[in-house]
A.B. asks: 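Below is one structure. I have some questions about it.
Because the structure is a prediction, the values reported are computed rather than measured.
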Protein chains: 2
Amino acid sequence: MPDRAPLELERFLPYRLSILSNTVSQAIAREYQTRFDLGVTEWRVIAVLARYDGEGLAAREVAERTAMDKVAVSRAVARLAAAGRVIRRTHRGDRRRSVLRLSARGWAIHDAVAPRARAHERDLLARLDVGERECLERILDKLLGAVPTA
Amino acid sequence: MPDRAPLELERFLPYRLSILSNTVSQAIAREYQTRFDLGVTEWRVIAVLARYDGEGLAAREVAERTAMDKVAVSRAVARLAAAGRVIRRTHRGDRRRSVLRLSARGWAIHDAVAPRARAHERDLLARLDVGERECLERILDKLLGAVPTA
DNA sequence: GCAGTATAGTTTCACTTGCAACCATTTGCA
DNA sequence: TGCAAATGGTTGCAAGTGAAACTATACTGC
């Protein structure tokens with residue numbers, strides 16, 4: 001017997017996650033998309049470069065830490081480098097690798113965008129009570145735990 | 001003083017939502033993408049047509065219920081109609097409107113895919129305990145409540 | 001009943017994204 | 001050494017996506 005009970009899309013977890021994620025991301029993205037001509041992928045690259053600034057990162061490491069594939073990273077970095085927002089050198093000792101760092105201009109973008117991103121997150125969480133916030137943390141840890149890039 | 005404290009991407013809520021949503025959606029999509037040559041948008045159209053089968057839906061209504069824009073719906077429907085999976089008639093009394101229904105072949109797709117989609121959802125929820133599941137429901141309702149298409 | 005406006009849906013165009021093939025360099029191992 | 005396999009990164013192509021223009025039909029007020 002076929003399962004004709006139709007799927008209720010609007011109660012379906014993956015669907016709701018997709019809507020929520022898109023809505024939230026777009027809301028934040030709008031902030032920097034037009035103002036800084038910065039795409040989501042580029043913003044992610046900037047964020048990880050800011051975080052692991054010390055030694056400079058290879059593109060592959062950026063890809064790991066952003067859950068983006070290497071093509072997306074390559075293109076984002078190309079655009080960022082062209083705009084003078086990241087500095088791309090070649091790794092001495094392994095000339096396949098690039099060594100990526102934020103330029104002063106890149107840091108300026110980060111410093112302008114990061115607080116706004118955090119504010120958005122705060123606004124979102126403000127709609128939940130304390131218990132729900134804790135619970136959401138736990139849920140995300142559990143569900144993302146099994147994911148490769150976590 | 002600039003906010004140089006770098007954003008921790010991997011703890012950032014919008015980022016984690018995005019990863020989770022993509023991972024989950026892709027896992028399900030793989031099931032039908034290659035097997036049935038069916039895109040995500042097409043699957044959503046099939047799901048709502050299955051759900052509101054009685055009278056046949058207009059494309060606009062499909063768009064509302066899938067959180068897709070009318071262009072995406074138009075294209076998905078065109079592809080589905082070409083594959084004989086939906087039947088497209090013209091509304092008598094308002095010839096601008098189309099009246100969309102699943103064909104037998106469309107129902108067959110639905111009946112094959114829906115249980116697998118549900119199984120994926122179950123697997124996902126199985127990683128949470130009862131309290132967390134309830135909490136997730138509440139959280140999604142709250143966070144999606146303010147969203148236009150809900 | 002007719003001009004202007006609103007609505008349903010499609011088409012077009014510019015842009016993004018993902019996959020696969022590709023080049024360069026390095027590593028592993030006979 | 002020296003050649004096959006692996007790795008870092010880029011490029012090309014095909015498919016997906018969104019905004020705006022366009023067509024066709026229906027409604028509204030005069």
A.B. asks: Counting C-beta onward and ignoring hydrogens, is there a side-chain heavy-atom pair between L140(A) and L136(A) closer than 4.5 Å?
C.D. replies: yes
A.B. asks: The side chain of K70(B) lies closest to which of these nucleotides: dA26(D), dT10(C), dT11(D)?
C.D. replies: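 Selected nucleotide: dT10(C).
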A.B. asks: The test is side chain to side chain contact (heavy atoms under 4.5 Å, CB included); show your working for L80(A) and L38(A) and say whether it passes.
C.D. replies: CA-CA 9 Å; L80(A) 289 168; L38(A) 190 74; 4.0 Å; yes
A.B. asks: Starting at atom CG of L100(A), determine the distance to atom P of dG8(D), rounded to an integer number of angstrom.
C.D. replies: 13 Å
A.B. asks: Give every residue pair that meets the salt bridge (charged side-chain N to carboxylate O under 4.0 Å, His left out) criterion with at least one member in residues 48-57 of chain B, sequence neighbours excluded.
C.D. replies: E8(A)-R51(B), E10(A)-R51(B)
A.B. asks: Atom CD of E61(B) to atom P of dT7(C): distance rounded to whole Å?
C.D. replies: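 Value for this atom pair: 15 Å.
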A.B. asks: Can you give me the N/O atom pairs linking the protein to nucleotides 2-4 of chain D at distances under 3.5 Å, or say none if there are none?
C.D. replies:
none

A.B. asks: Could you give me the CA-CA distance, side-chain angles and deciding distance for R133(B) and V130(B), then say whether side chain to side chain contact (heavy atoms under 4.5 Å, CB included) is met?
C.D. replies: CA-CA 5 Å; R133(B) 283 201 279 270; V130(B) 179; 3.8 Å; yes
A.B. asks: Please determine whether a side-chain nitrogen or oxygen atom of R97(A) lies at a distance below 4.0 Å from atom OP1 or OP2 of dT10(D).
C.D. replies: no
A.B. asks: Identify, residue by residue, the members of residues 72-84 of chain A with a heavy atom below 4.0 Å from DNA chain D, and return them in order of residue number, or none.
C.D. replies: S74(A), R75(A)
A.B. asks: Taking CE from M68(A) and C1' from dT17(C), how many angstroms apart are they, rounded to a whole number?
C.D. replies: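 It works out to 11 Å between those atoms.
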A.B. asks: Would you sort out whether R60(B) and E64(B) count as a salt bridge (Lys or Arg N to Asp or Glu O under 4.0 Å), showing the intermediate values?
C.D. replies: CA-CA 6 Å; R60(B) 197 184 58 75; E64(B) 277 170 9; 2.4 Å; yes
A.B. asks: Salt-bridged, D141(A) to R16(B), with N to O below 4.0 Å?
C.D. replies: yes
A.B. asks: Choose from dT12(C), dA26(D), dT11(D) the nucleotide whose nearest atom is closest to any side-chain atom of V71(A).
C.D. replies: dT11(D)
A.B. asks: With respect to the side chain of R96(A), which nucleotide from dT26(C), dC19(C), dA8(C) is positioned closest?
C.D. replies: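 Nearest to the side chain of R96(A) among the choices is dT26(C).
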A.B. asks: dC19(C), dT26(C), dG9(D): which one has an atom nearest the side-chain heavy atoms of R60(A)?
C.D. replies: dG9(D)
A.B. asks: Among residues 26-49 of chain B, which ones have heavy-atom contacts with DNA chain C below 4.0 Å?
C.D. replies: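 The answer is none.
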A.B. asks: Do E121(B) and R11(A) sit within salt-bridge range, that is, some charged N less than 4.0 Å from a carboxylate O?
C.D. replies: no
A.B. asks: What heavy-atom pair brings I46(A) and L102(A) nearest, and what distance separates the two atoms?
C.D. replies: O-CD1, 3.9 Å
A.B. asks: Rounding to a whole Å, what distance do you find between R95(A):CZ and dT7(D):C1'?
C.D. replies: 15 Å
A.B. asks: Rounded to whole Å, please give me the gap between CG in L57(B) and P in dG9(C).
C.D. replies: 10 Å
A.B. asks: Could you walk me through whether L143(B) and R127(A) pass side chain to side chain contact (heavy atoms under 4.5 Å, CB included), step by step?
C.D. replies: CA-CA 7 Å; L143(B) 294 185; R127(A) 296 196 227 148; 4.3 Å; yes
A.B. asks: Does anything in residues 22-33 of chain A form a salt bridge (charged side-chain N to carboxylate O under 4.0 Å, His left out)? List the pairs, not counting sequence neighbours.
C.D. replies: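 Listed once each, the pairs are E31(A)-R116(A).
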A.B. asks: Round to the nearest Å and state the distance from H91(A) atom NE2 to dA24(C) atom C1'.
C.D. replies: 16 Å
A.B. asks: So which pairs with a foot in residues 34-48 of chain B pass salt bridge (charged side-chain N to carboxylate O under 4.0 Å, His left out), sequence neighbours left out?
C.D. replies: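 Residue pairs with at least one partner in residues 34-48 of chain B: D37(B)-R79(B), E42(B)-R79(B).
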A.B. asks: Counting only side-chain heavy atoms from C-beta out, which of dA20(C), dA26(D), dG9(C) sits nearest to S98(B)?
C.D. replies: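 The listed nucleotide nearest to S98(B)'s side chain is dG9(C).
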A.B. asks: Reading DNA chain C from 5' onward, which residue's closest nucleotide shows up sooner: D94(A) or A59(B)?
C.D. replies: A59(B)
A.B. asks: In terms of relative ring orientation, are W43(A) and Y32(A) parallel, tilted or perpendicular, with 30° and 60° separating the classes?
C.D. replies: tilted
